[in-house]
Participant: 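Below are the structure tokens for one structure; questions will follow.
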Amino acid sequence: MFRVFKLNALRIVISSIRFCLKNVIEMEEDLMKKRFIVVALAIASAVALSGCGGAKSGSDSAVDSKSAQSDGTKTGKKILTIQLGPDVESIDPALNSAVDGANYILFAFDNLLKMDKDGKVVPGLAEKYEVSDDQLTWTFHLRDGLKWSDGSALTANDFVYSWQRLVDPNVAAPYAQTVLGMVEGYDDAVGKPDADGNTTVDPDPTKLKVEAPDDKTLVVHMAKPTPYFDKLAAFASLSPVKKEVVEANPDGWSIDPKTYVSTGPFKLTGWEPGSYLMFEKNENYWDADSIKLDGIKCLLMQDQNATFSAYESGDALMIKDVPTQEITTLKDRSDFHIDPILGTYYLDLNTTLDEFKDPKVREALSLALDRKYISETITAGTYTPASGFVSEGVTDWNGTAWQDNITDKSAYINIDDHAGNLAKAKELLKEAGYENGVGLPEMVYSTNDASYHKKIAEYLQQAWGELGLKVQVNIVEWKSFTPQRRSGNYQIARDGWVMDYNDPSNILELALTGNGNNNAKYSNPEFDALMSKAATEKDPQTRFGYLHQAEDFIMKDTAMVPLLYYNDFYLQSDKITGSWHSPDGFWHFEYADIAE
């Protein structure tokens, strides 16, 4: 995985250099104007320059000029200005694994199906679909006259190409197994490993059994029943990408607005790293008549105080990153929102390292943490203490709450008895041969500096210090943090997962051996076997029973360290109408409007 990461990183660097040189040439005639804008902003907001072409850093990107106000009043257009995060790692549907990146992809791409404001699956690029009686064949029928954002025809073969690209090991898509691992031919497509992890069949992405018998029909052949595949067909990673533009520039097509050809309500028309992404209405979208906004400007800001200033001044009408010190005051405001989402904030202990191979050490580090204190004091009640890995809000096979049906409560964390947990943690370290932490190396905890992450990191230093451990905090820029964590280039790291659909398998799969999002590099054949049984079981009650056993297992083995259950808290102006925030952590502005 580390080798793949280095290759991908090199590709991204080379592509970025090409893109920057291209932009420098194109911007030469307009250089004096841009210098004037940058200087003006520096005086107003203490700009720190970064990125290619002198783009502003995330600490100062409220607006790049008054010609693009959040309500569009200066241009006569309705441009909605929002903030969902700092610089994004990727907006290539195959390579993205972050919520903010997926949200941008949601603006630019429609998929076969979509999720509506009530969380129901509705038609997207496919107007209808059928599932065979044995649940092994899914047939999707595309709408008439579908077009890419560049006006060319979109066909079912575009999905065949895109999905086979997704499973190509050379692409190294982190979601490949999660979204297509149930499709017939997947193992042959990615190269089937033997018991020792060695590849026994050379990868051949074309062996993935998806086919287009004609331009409007896509047929997917399943290796096992997958009742939730309709939700996957609405997921960002399975969005189609245009073969011609991707193959012309495999590493750089998605960072250049001129080649970012898409299928959704908006198209990417501008990208200033460290400043903003600009999406404008896609006139070739099949449902363009329903789109009221002329564009969405997404500020790429890391400094929460600058983000808050942009919102308070009206330069942004919605911001995700709210300064934590403002929460207590903001809670009484009508434009401050706290929405529950299906997600868990957890910690990765890099299980490839000797110090974390003993499950007693992992459990000790977990039990030493006071989750109620973190929730109630550090996060001011905006997050919920986690006793298990599967988040609150997930439903069981019969519609009841997942947590109400836990089969082995002894495997879970008693969040009401921190003193007892801490005493057990110290005893576990002693049993592992590390009494008072003696013999364990100094720990390095990696996190990005946003929301409560830094405050939680400081707490971890203190809490693990009570076990006799020394902990350093390593703050990493967001766009570098996710690839670093995915490659395993860390010791302990903050992590989090917002579920893509309401099924416990979606988060439990993070502990599967070889899963592209298994950042802890955890591997246990007993757990894998339970997940395999669940994946092939047709009876819902029996299937969910296997999934409960799987969570029991990784909780006992401390595969990861669940800390909190997510809620999204944000500021959004009442001027925005027709938008919604979904339980999977996405802000839907596709059909939004701005009130006069």
Side-chain angles (χ1 to χ4, degrees), residues 56 58 60-88 91 99-110 114-117 149 236 257 260 262-272 274-285 287-301 306-322 333-337 339 568-582 585-596:
K56 300 182 291 302
D60 173 51
S61 51
V63 286
D64 64 320
S65 78
K66 289 297 181 181
S67 65
Q69 289 281 7
S70 58
D71 60 1
T73 55
K74 296 292 180 179
T75 62
K77 294 184 176 181
K78 287 186 178 180
I79 307 296
L80 173 63
T81 302
I82 62 173
Q83 183 269 340
L84 297 176
D87 277 325
V88 64
I91 53 172
V99 176
D100 54 347
N103 216 141
Y104 302 138
I105 293 169
L106 178 73
F107 297 153
F109 285 88
D110 243 18
K114 303 197 297 183
M115 305 298 293
D116 69 9
K117 63 181 179 180
S149 57
Y260 196 72
S262 59
T263 61
F266 298 92
K267 57 185 178 181
L268 183 69
T269 58
W271 187 345
E272 292 290 336
S275 184
Y276 65 86
L277 290 167
M278 186 67 204
F279 295 92
E280 295 184 21
K281 183 175 178 178
N282 174 15
E283 66 277 9
N284 290 308
Y285 180 49
D287 196 23
D289 290 344
S290 300
I291 308 304
K292 302 175 182 66
L293 295 174
D294 293 302
I296 303 176
K297 185 174 185 180
C298 305
L299 304 178
L300 302 174
M301 305 178 72
T307 303
F308 184 55
S309 295
Y311 180 81
E312 293 291 82
S313 67
D315 288 333
L317 292 185
M318 177 270 164
I319 61 170
K320 178 181 179 182
D321 291 328
V322 179
R333 285 176 36 168
S334 62
D335 58 346
F336 180 76
H337 304 268
D339 294 345
D568 268 337
F569 54 94
Y570 58 101
L571 285 165
Q572 180 168 316
S573 170
D574 294 337
K575 290 182 179 180
I576 301 176
T577 62
S579 72
W580 71 91
H581 175 258
S582 59
F586 295 137
W587 280 266
H588 290 262
F589 294 112
E590 310 95 274
Y591 297 104
D593 199 355
I594 303 173
E596 297 296 334

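None of the values given here were measured: they were computed from a predicted structure.
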Participant: I want to know whether F109 and F266 have ring centres closer than 6.0 Å.
Facilitator: no
Participant: Any side-chain heavy-atom pair from T81 and L317 closer than 4.5 angstrom?
Facilitator: no
Participant: Stepwise, does the side chain to side chain contact (heavy atoms under 4.5 Å, CB included) test hold for K297 with L80?
Facilitator: CA-CA 6 Å; K297 185 174 185 180; L80 173 63; over 6 Å; no
Participant: Report the C-alpha distance between M115 and F586 in whole Å, list the side-chain angles of each, state the deciding distance to 0.1 Å, and finish with yes or no for side chain to side chain contact (heavy atoms under 4.5 Å, CB included).
Facilitator: CA-CA 11 Å; M115 305 298 293; F586 295 137; over 6 Å; no
Participant: Does any donor atom in the side chain of D321 or Y570 lie under 3.5 Å from an acceptor atom in the other side chain?
Facilitator: no
Participant: Rounded to the nearest 0.5 Å, what separation is found between the CE atom of M301 and the CD atom of Q83?
Facilitator: 7.0 Å
Participant: Are the side chain of N282 and the backbone of G264 linked by a donor-acceptor contact shorter than 3.5 Å?
Facilitator: yes
Participant: Taking all heavy atoms of G585 and all of V99, pick out the closest pair and write down the distance.
Facilitator: O-CG1, 3.4 Å
Participant: Do F308 and L571 pass the side chain to side chain contact (heavy atoms under 4.5 Å, CB included) test, and can you show the C-alpha distance, the side-chain angles, and the key distance before you say yes or no?
Facilitator: CA-CA 9 Å; F308 184 55; L571 285 165; 3.7 Å; yes
Participant: Would you mind reporting whether C298 and Y104 have side-chain heavy atoms less than 4.5 Å apart?
Facilitator: yes
Participant: Would you sort out whether M278 and I79 count as a side chain to side chain contact (heavy atoms under 4.5 Å, CB included), showing the intermediate values?
Facilitator: CA-CA 9 Å; M278 186 67 204; I79 307 296; 3.6 Å; yes
Participant: Sequence neighbours left out, what passes side chain to side chain donor-acceptor pair (under 3.5 Å) with D568? Give chain and number order.
Facilitator: H581
Participant: Classify the side-chain pair S290/E590 by whether it contains a donor and acceptor separated by less than 3.5 Å.
Facilitator: no
Participant: Within the structure provided, determine whether E280 and T269 are in side-chain contact (heavy-atom separation under 4.5 Å).
Facilitator: yes
Participant: For E272, is there any backbone N or O sitting under 3.5 Å from a side-chain donor or acceptor partner on S275?
Facilitator: no
Participant: Has Y311 got a side-chain atom pairing as donor or acceptor with S573's backbone, closer than 3.5 angstrom?
Facilitator: yes
Participant: Quick one: closest heavy-atom pair of Y591 and K114, and the distance?
Facilitator: OH-NZ, 2.8 Å
Participant: Under a 3.5 Å distance rule, please check whether K281 uses its side chain to pair with a backbone N or O of I291 as donor and acceptor.
Facilitator: yes
Participant: Compare every heavy atom of I576 with every heavy atom of A592, then report the nearest pair and how far apart it is.
Facilitator: CB-CG2, 4.3 Å
Participant: Got a second to check how far L268's CG is from S262's OG, nearest 0.5 Å?
Facilitator: 8.0 Å
Participant: How are the rings of F336 and F569 set relative to one another: parallel (under 30°), tilted (30 to 60°) or perpendicular (over 60°)?
Facilitator: tilted
Participant: Please state whether the rings of F589 and F107 are parallel, tilted or perpendicular, taking 30° and 60° as the class boundaries.
Facilitator: tilted
Participant: Minimum heavy-atom separation for D100 to L84, with atom names?
Facilitator: CB-O, 3.9 Å
Participant: Ignoring hydrogens and geometry, is there a side-chain-to-backbone donor-acceptor pair from K78 to G295 under 3.5 Å?
Facilitator: no
Participant: Hey, are the side chains of I594 and T577 touching, using non-hydrogen atoms and a 4.5 Å cut-off?
Facilitator: no
Participant: Would you indicate whether the side-chain heavy atoms of I82 and L299 approach each other to under 4.5 Å?
Facilitator: no
Participant: Which heavy atom in Q572 sits nearest to a heavy atom in M318, and how many Å separate them?
Facilitator: OE1-CG, 3.7 Å
Participant: Output the distance between atom CG (N103) and atom CD1 (I296), rounded to the nearest 0.5 Å.
Facilitator: 9.0 Å
Participant: Might you work through the side-chain hydrogen bond (donor to acceptor under 3.5 Å, both in side chains) test for S149 and E283, ending with a clear yes or no?
Facilitator: CA-CA 7 Å; S149 57; E283 66 277 9; over 6 Å; no
Participant: Check whether any side-chain heavy atom of L300 lies under 4.5 Å from a side-chain heavy atom of P86, and answer yes or no.
Facilitator: no
Participant: Is there a side-chain contact between Y285 and T263 (heavy atoms, below 4.5 Å)?
Facilitator: no
Participant: Just so I know, are the side chains of I91 and W271 near enough to count as touching, which here means a heavy-atom distance under 4.5 Å?
Facilitator: yes
